[in-house]
Amino acid sequence: MPKKRTARPQANGASATAARSKPQLPKGLKAADLVDYYTRMVQARSLDERIWALNRQGKVPIAASSQGHEAAQLGSLLAAEKDGNCFLFPYYRDLALKVAAGLTPVQVMMSFMGKAGDPYSNGRQFPLQGADLPHKIIQISNVVAAGLTQAVGYALACRMSGDDTVVLVYFGDGATSQGETHEAMNFAAVQKLPVIFICENNRYAISTPQSSQMVLEEVASRAAAYGFPGFTVDGMDMIHCYEATREAITHARSQGPVLLEMMVERFMSHTTDDDDRRYRPEGEVERARERDPVITLGQTLLEIGILTQKKVDAIATEALRLTDEATDIADASSPPAESTLHDSVYGP
Amino acid sequence: MPKKRTARPQANGASATAARSKPQLPKGLKAADLVDYYTRMVQARSLDERIWALNRQGKVPIAASSQGHEAAQLGSLLAAEKDGNCFLFPYYRDLALKVAAGLTPVQVMMSFMGKAGDPYSNGRQFPLQGADLPHKIIQISNVVAAGLTQAVGYALACRMSGDDTVVLVYFGDGATSQGETHEAMNFAAVQKLPVIFICENNRYAISTPQSSQMVLEEVASRAAAYGFPGFTVDGMDMIHCYEATREAITHARSQGPVLLEMMVERFMSHTTDDDDRRYRPEGEVERARERDPVITLGQTLLEIGILTQKKVDAIATEALRLTDEATDIADASSPPAESTLHDSVYGP
Amino acid sequence: MAVKSVIEAVREAIREEMVRDPKVFVMGEDVGIRGGVFMATQGMIEEFGAERIIDTPLAEASIMGIALGAAFRGLRPIPEVQFSDFVWPSINQLIGEAARVCYGTNGVLQVPMVIRIPYGGGIRGGLFHSQNVETHFFHTPGLKVVAPSTPYDAKGLLKSAIRDNNPVVFLEHKKTYRLVRGEVPDQDYTLPIGKADVKRIGSKITVVSYGLTLHYCLEAAEELSAEGVDVEVVDLRTLTPLDTETVLESVKKTGKLAIVHEDNITGGVGAEIAALVADQAFEYLDGPITRICGPDVPTMPFAQTLEDAYMPTADKIAAGLRKLAAY
Amino acid sequence: MAVKSVIEAVREAIREEMVRDPKVFVMGEDVGIRGGVFMATQGMIEEFGAERIIDTPLAEASIMGIALGAAFRGLRPIPEVQFSDFVWPSINQLIGEAARVCYGTNGVLQVPMVIRIPYGGGIRGGLFHSQNVETHFFHTPGLKVVAPSTPYDAKGLLKSAIRDNNPVVFLEHKKTYRLVRGEVPDQDYTLPIGKADVKRIGSKITVVSYGLTLHYCLEAAEELSAEGVDVEVVDLRTLTPLDTETVLESVKKTGKLAIVHEDNITGGVGAEIAALVADQAFEYLDGPITRICGPDVPTMPFAQTLEDAYMPTADKIAAGLRKLAAY
Ligand SMILES: Cc1ncc(C[n+]2csc(CCOP(=O)(O)OP(=O)(O)O)c2C)c(N)n1
Ligand SMILES: Cc1ncc(C[n+]2csc(CCOP(=O)(O)OP(=O)(O)O)c2C)c(N)n1
Ligand SMILES: [Mg+2]
Ligand SMILES: [Mg+2]
């Protein structure tokens, strides 16, 4: 099982990873994996920033940013990918996860602009919502916590079908208050299902701080109420998140559910519709940005010596180029035809 | 705060109370209180048994028995009554509680037969369901766990209105699986509301054993997930239940919610519609009946010396007489007039 | 053919489909050793094991959401809601999620799931064991809704529902479970979802109904026929998709329409039938469209008097039809 | 009188009622410092404090159940559901419980509670931020349902709702929040729940609508009037109790009825209006009852094209009215 890790971001905003002395290549990973994931993370960030800008230009009606959550999302994704037999139920803030799982930048932009060819729903749903089965992802809705029982049911069906898939389901700190979260965890526990509950705890649900959401300091301690283990990890450090998830996958497959709380920071307002200056203390976001997961990962890779500054710059440049290109292509492409309105209300 | 008590009924069926050496009058209680509550308990049992028989005669469509739960119900009621400022949200199995709270046997029988004059709903609802405001009781429905959030809201409103009522809300072990139970406890915790969550744990939800309901051995340990205290008490011993509830009331009023798990036994089938022989191990009920809360309380009072066998017999005889009389009166009385069907869909 | 009750027909349909297709499974409260509170799954845990007859914790939202998630993986779950009155906690998963899955994934995911719901009153269940819940599903595109009235229809339609690739809300009227008996073929058969059935041919008035009240309509039709008014009785059997063709054809023939259901009148299924006919068979109408339905009170109360006062009975239906015939 | 938007009218109504009656309080997600996601409670936590403007955990079932419990104690809660699409988890408390409290206690308890629900589409919200949920409440005896279309109506009706002793589902169409502006009196006023409003007098066709589409109906009516067809537009304002009198009177005058709503057509509020008229004004009808409503797909999709294709627009309404006029 994963060991308990210190989790709370340090109050002074110093990077938690800074404390790790002499970073080394984590076990099970090759240098190429980390370069690959760094590249994906940079690409995701680039798209995320552009999408926000496109919203201000009126081209993207709505977006929820994953800026600040990338390490949690990509660390767990990397573990899932390395395992090779995981299925993911992300939530609306998992932009980086969904992008990194294998979408092209063009597909991402199509989705945000509501164009035909959006891989998740063909423009029917909020961006990147629906299903991306080639990358083993389902997210039916953005109703908070609605995916949890579905993920548990998926895991149940996998076991009944004789395959040993582990299901990772993602949600925020706010989602822990929903009754369905309780029901999902309890059922998974009773049935000992291979489910990893990943709480991306950014300590806010829109404007509502964690202290109005629960009395507890650590969401992870809720796992005890169901009789399975829970851990809090530094969600700003991709390698930490990778390691914790890897171990959780092993545990889940053999012994049942695990709750992983990943402490993250929401860098942007809740969505493009929100303005967080109304409710976040001044300087809080700025301090959080000092622990930017993209920069942290880049620095770690520089330190380990598997990336050079030149390569870092090249990755950034290429990401930007792909984002530009994707924006243009998506912008020029067509929305779904009106005539498709009535399609697929029912299956065949 | 109440101290942690041993709770699990002993496997060999020996009375947990038998272990208590030399029973004494519990603090805060007079001998008359105990005689009074013993009398109420005997009356409740007598009515409960008669109701079951009347169901077999086709005069009562449905009933859920509280036989085996009486100590939990009356012990907590006694504490609430002694406190003088409590409000109760019982559930469908709280027949003894509702009877002991002050209904006449005739009112009880009216309710079970669906007659006009039923104090809870005037024959509109399942027996003893609706509201009995003179006795500070509300139970809108028998939808499992639906009363919990309402109880919490009631407590919130009391505090907002400047009174220091403590709310006691009752539910079974099965109800702990409902999402609403989680939501109610979490909200009560965040707002530090004076609510006592009383789980009458009989280890069955209809046919479903506790082990299919949760991984935990003790429901009380769930309280930690919300940051408030939880205790398991022997629910077959009225005096234990009284003491635990008394202490819980003090705690709730000053510090917020408490979860009290009272370990009880369901002597009868789930309802008159059920046949528990299909799913309960042979001999289980018989063994449980060796710890009958009515007999246990009677014996304790004999031991303390505040009851004589003669008085015990007289109480039983009088209870039976009142039950007989109530049955006849209710049977002879009228159901609500058809013309009232449309009344009170809306308030004035 | 043997004569069977509705509950027997339901049980046989589930059992046969579970034998036929290993992807089918049941989950719900007390469906295991207890065999369900109405015994719809009696004996099945012994035959299929606890993995395919899953006794769940007491939590309807999770029963629905977990069944839904299992359907994503290609299984064919049959979640049971113990009583219709307890479907409310699961509505987010059923109306919010399940109904939108196929549409919201542009057809990539389908939901082959049958939600079995014992519903309805007349059994002294009071406000929380008698509810008619069909309208909420009827008004939800993406769900199919089936509400049979006879053992034959129940078995054939339940089998079709289990083989269907969409979420089907399968409504079983509790009062019909043991009361209504009828012939059921011994061999495998299915009935098409979306086809109404003319249960009695007539020429003067069309009566449309479903579930328990269908039987009261047939009684009333006999009464009227004895008085010389020949009544046609259409059993919708399926609420979604609605067989508008059969209804319109019948009304075009008779010129008069009465709709009967136990559910509250306002905004019920009957309103839609009336609206459809008032639009698409307007020229054929020889009289006002009449609804004989449950009144707008929150389900039927517990007392016998009040339950009777609520329920559309054969007498009340006959009275309504007489008035319409006289128009 | 000042010109205000719908959201301003809503905010004023809440604020004034909170000043007027200390029993009134608000609870919901982000209603505090954030002032609600639509700013309906902006500035109120500063004015009334965190005890009367309660930021709740993210859990709709508890928001509804706790509000309900508070109402039992005589308070007058205004629970906010952040978007209609998130009302589903609370349905057990709202439809299952709240609606049955008065009836189920034989009138002993009342539920003075207003459930505010921003609803509807046309705002690129997609399947989970555009839902029309009114029918589920419309079909629930025990609830009152209000759905205003203008700032004046919104303020007057919300004040009445807050003073009402019953659970009132108060539906605010999101697209009207800032788009629709109108005069609102400065002094205190209320409007009666249960009274429709004839927003345009006409003689040839009656159009019945509510909420956002009411404005599209008015546009269409102007178009048709330019073509010589004088259209009467009835704004229901309240869905329950339904003002059948005003609707029937209008239809008896014009002889033709069209019903317009954004909600899915099948089993929607329009079906009930049609059924009522087809029964009680049958002799007056000069043409088929026409419904111009949202199609039977699960709410409007995200893409602009599909959202447009879903929405009943002034053009689509005008086309329907032309056809009806020509009948
Ligand atoms: C059931 C439900 N209620 C309300 C909302 C509106 N809403 C969207 S996101 C959100 C906050 C969620 O916070 P959290 O779970 O912490 O996730 P985060 O956005 O912080 O990642 C709310 C209230 C919703 N989508 N679903
Ligand atoms: C929401 C809901 N689901 C199902 C039921 C049917 N039902 C009634 S009681 C019961 C079991 C409850 O068990 P528990 O909470 O342990 O209480 P007990 O009867 O054992 O006292 C069930 C499943 C219900 N009333 N409400
Ligand atoms: Mg959060
Ligand atoms: Mg129990």
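The list of salt bridge (Lys or Arg N to Asp or Glu O under 4.0 Å) pairs with a residue in residues 4-15 of chain C, not counting sequence neighbours, reads C:Lys4-C:Glu12, C:Glu12-C:Lys155, C:Arg15-C:Glu47.
Among residues two or more places apart in sequence or in another chain, the side-chain contact (heavy atoms from CB on, under 4.5 Å) test is passed with C:Ala220 by C:Ile317, C:Ala318, C:Leu321. C:Glu97 is linked by a salt bridge (charged side-chain N to carboxylate O under 4.0 Å, His left out) to nothing, counting only residues two or more places apart in sequence or in another chain.
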Are there donor-acceptor atom pairs under 3.5 Å between chain C and chain B, and if so which?
{"residue": "C:Asp30", "atom": "OD1", "partner": "B:Ser207", "partner atom": "N", "Å": "2.9"}
{"residue": "C:Asp30", "atom": "OD1", "partner": "B:Ser207", "partner atom": "OG", "Å": "2.7"}
{"residue": "C:Asp30", "atom": "OD1", "partner": "B:Thr208", "partner atom": "N", "Å": "3.3"}
{"residue": "C:Asp30", "atom": "OD1", "partner": "B:Thr208", "partner atom": "OG1", "Å": "2.8"}
{"residue": "C:Arg34", "atom": "NE", "partner": "B:Asp274", "partner atom": "OD1", "Å": "2.7"}
{"residue": "C:Arg34", "atom": "NH2", "partner": "B:Asp274", "partner atom": "OD1", "Å": "3.1"}
{"residue": "C:Leu58", "atom": "N", "partner": "B:Gln213", "partner atom": "OE1", "Å": "2.5"}
{"residue": "C:Glu60", "atom": "OE1", "partner": "B:Gln178", "partner atom": "NE2", "Å": "2.7"}
{"residue": "C:Phe302", "atom": "N", "partner": "B:Arg124", "partner atom": "O", "Å": "2.8"}
{"residue": "C:Ala303", "atom": "N", "partner": "B:Gly123", "partner atom": "O", "Å": "2.9"}
{"residue": "C:Thr305", "atom": "OG1", "partner": "B:Pro336", "partner atom": "O", "Å": "2.7"}

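Closest heavy-atom contact between B:Pro336 and C:Leu306: CG-CD1, 3.7 Å. The two residues C:Leu58 and B:Ala175 have their closest heavy-atom pair at CD1-N, 4.4 Å.
Here C:Phe302 contributes atom CZ and B:Ile62 contributes atom CD1; the two are 8.0 Å apart, rounded to the nearest 0.5 Å.
For B:Met214, no part lies near chain C; criterion is any non-hydrogen pair under 4.5 Å. Using a 4.5 Å cut-off between heavy atoms, B:Val144 touches chain C through its side chain atoms alone. Looking at B:Ala337, the atoms closer than 4.5 Å to chain C (heavy atoms on both sides) all sit in the backbone: N, CA, C or O.
Put simply, of C:Pro298, C:Gly125, C:Gly126, the one with the most heavy-atom pairs under 4.5 Å next to chain B is C:Gly125.
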